[in-house]
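Read through the structure below, which is laid out as structure tokens, and then see the notes.
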Amino acid sequence: MLFRSSKVLRIALHYRVMSNKFITPAQLVVQSFNGVRATARELEIDPSIVSRWKKDGRVPDTYQRRILETAWENGIDLTAHDLIFGRQL
């Protein structure tokens, strides 16, 4: 569990509104793993779970550690900061 703060989420969502060139944490994960099904396959979870993340724009803290470990094992550039705040393009 990395962070569980609604204040952090509100700041991240506010930042998203301020910039048109922002990718949400969920979009970043899905893009990094090349799609919803590929992400689900790598994390060994149901694709509907990943689709829900994409719809909500955030990655639940219960999955963040597993995502980071899997990304690092596969040479994917993701950080804890990316999973909480997303990334500005």
Side-chain angles (χ1 to χ4, degrees):
M1 183 168 20
L2 298 175
F3 285 97
R4 189 184 282 194
S5 170
S6 61
K7 183 177 180 181
V8 171
L9 181 59
R10 281 195 312 268
I11 291 169
L13 292 176
H14 175 72
Y15 185 75
R16 177 180 170 197
V17 172
M18 298 297 290
S19 171
N20 291 334
K21 298 179 182 178
F22 179 81
I23 186 166
T24 66
Q27 290 171 328
L28 184 57
V29 169
V30 170
Q31 181 181 4
S32 296
F33 284 98
N34 297 318
V36 171
R37 287 189 179 277
T39 303
R41 191 177 320 112
E42 285 293 328
L43 299 173
E44 299 176 352
I45 58 176
D46 192 84
S48 65
I49 295 171
V50 179
S51 291
R52 196 171 322 126
W53 301 347
K54 200 171 170 189
K55 180 182 174 191
D56 295 340
R58 66 180 196 89
V59 178
D61 57 351
T62 54
Y63 293 99
Q64 290 176 356
R65 183 182 183 120
R66 188 180 337 168
I67 290 169
L68 285 175
E69 289 172 348
T70 305
W72 293 335
E73 288 170 3
N74 291 299
I76 296 171
D77 180 31
L78 278 176
T79 65
H81 186 272
D82 292 335
L83 293 181
I84 297 166
F85 297 106
R87 194 181 281 175
Q88 186 173 5
L89 300 176

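Values below: all heavy atoms of this structure, side chains included; hydrogens, waters and symmetry mates excluded.
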Qualifying ring pair (Phe, Tyr, Trp, His ring centres under 6.0 Å) pairs with a residue from residues 49-69, counting only residues at least two apart or across chains:
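For residues 49-69: Trp53-Tyr63.
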Gln31: which residues meet the side chain to side chain donor-acceptor pair (under 3.5 Å) condition with it, sequence neighbours left out?
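For Gln31 there are no side chain to side chain donor-acceptor pair (under 3.5 Å) partners, ignoring immediate neighbours.
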Tell me, please, which residues at least two apart from Ser51 pass side chain to side chain donor-acceptor pair (under 3.5 Å).
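Expected list: none.
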Just to verify, what does Asp77 make a side chain to side chain contact (heavy atoms under 4.5 Å, CB included) with, not counting sequence neighbours?
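Partners of Asp77 under the side chain to side chain contact (heavy atoms under 4.5 Å, CB included) test: Arg87.
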Mind listing the side-chain donor-acceptor pairs of residues 32-42 below 3.5 Å, one per line with the distance, residues two or more places apart or on another chain?
| from | atom 1 | to | atom 2 | distance (Å) |
| --- | --- | --- | --- | --- |
| Ser32 | OG | Leu28 | O | 2.7 |
| Thr39 | OG1 | Gly35 | O | 2.6 |
| Glu42 | OE1 | Asn74 | ND2 | 3.3 |

Spacing of [X] atom [atom1] and [Y] atom [atom2] [to the nearest 0.5 Å]:
X	Y	atom1	atom2	result
Ile49	Thr62	CD1	OG1	9.0 Å
Gln64	Glu69	CD	CD	12.0 Å
Thr70	Leu43	OG1	CG	5.0 Å

Looking at Arg58, is its backbone amide N or carbonyl O close enough to the side chain of Asp56 to form a donor-acceptor pair, meaning the two atoms are under 3.5 Å apart?
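No; judged by distance alone, with no hydrogens or angles, the pair does not exist.
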Nearest heavy atoms of [X] and [Y], plus distance in Å:
X	Y	value
Thr24	Gly57	CB-O, 3.3 Å
Thr79	Leu68	C-CD2, 3.6 Å
Arg66	Glu44	NH1-O, 4.2 Å

